[in-house]
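A short write-up of the structure that comes next.
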Amino acid sequence: MGVVETLVHTHDIAQGLHRDCVPEQDLSAPALARLFPGVPVVDDPWSTLLWATGRLETPGRPRRTGWRWYG
């Protein structure tokens, strides 16, 4: 959970500063698989993690307004 929190809140801060934040895929992929086991990876693990946490809308998948992780 700490990895997800760090990644997505760093993304939030970067967005506020008008900067890009794209972590290494080897960080987001295991966190996504562990905490969001029912979410299929679309495009790449990072954008899927952002979608899973309600931070991104992707083609064919509207932004999530409610979600939970499985710790």
Side-chain angles (χ1 to χ4, degrees):
M1 288 183 199
V3 170
V4 171
E5 288 289 323
T6 301
L7 293 174
V8 298
H9 289 304
T10 299
H11 171 289
D12 296 341
I13 292 166
Q15 291 291 298
L17 297 171
H18 306 288
R19 302 277 188 237
D20 289 330
C21 169
V22 180
E24 296 294 324
Q25 297 301 327
D26 62 345
L27 292 175
S28 26
L32 179 65
R34 171 67 178 90
L35 296 173
F36 298 94
V39 173
V41 175
V42 176
D43 297 326
D44 61 75
W46 174 236
S47 64
T48 302
L49 182 62
L50 291 176
W51 176 83
T53 57
R55 287 168 169 79
L56 183 70
E57 182 176 318
T58 61
R61 295 195 301 182
R63 184 183 300 250
R64 294 177 97 183
T65 57
W67 59 273
R68 75 181 292 260
W69 53 33
Y70 295 90

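Values below: all heavy atoms of this structure, side chains included; hydrogens, waters and symmetry mates excluded.
Sorted by first and then second residue, the side chain to side chain donor-acceptor pair (under 3.5 Å) pairs with a member in residues 12-22 read His9-Asp12, Asp12-Arg55; sequence neighbours excluded.
One finds the CG atom of Leu56 at 7.0 Å from the NE2 atom of His11 (value rounded to the nearest 0.5 Å). The distance from the OG1 atom of Thr53 to the CZ atom of Arg63 is 9.5 Å, given to the nearest 0.5 Å.
A chain of hydrophobic side-chain contacts below 4.5 Å, direct or via other Ile, Leu, Val, Met, Phe, Trp or Tyr residues, connects Met1 to Leu32. One hydrophobic cluster, built from ILVMFWY side chains closer than 4.5 Å, cannot hold both Ile13 and Val4; they sit in different ones.
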Please tabulate, for side-chain N and O atoms in residues 37-47, each donor-acceptor pair with protein atoms closer than 3.5 Å (sequence neighbours left out).
from: Asp44; atom 1: OD1; to: Trp46; atom 2: N; distance (Å): 3.0
from: Asp44; atom 1: OD1; to: Ser47; atom 2: N; distance (Å): 2.8
from: Asp44; atom 1: OD1; to: Ser47; atom 2: OG; distance (Å): 3.4
from: Asp44; atom 1: OD2; to: Ser47; atom 2: OG; distance (Å): 3.4
from: Trp46; atom 1: NE1; to: Cys21; atom 2: O; distance (Å): 3.3
from: Ser47; atom 1: OG; to: Asp44; atom 2: O; distance (Å): 3.3

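Across every non-hydrogen atom of Leu27 and Val3, the tightest pair is O-CG1, 4.0 Å.
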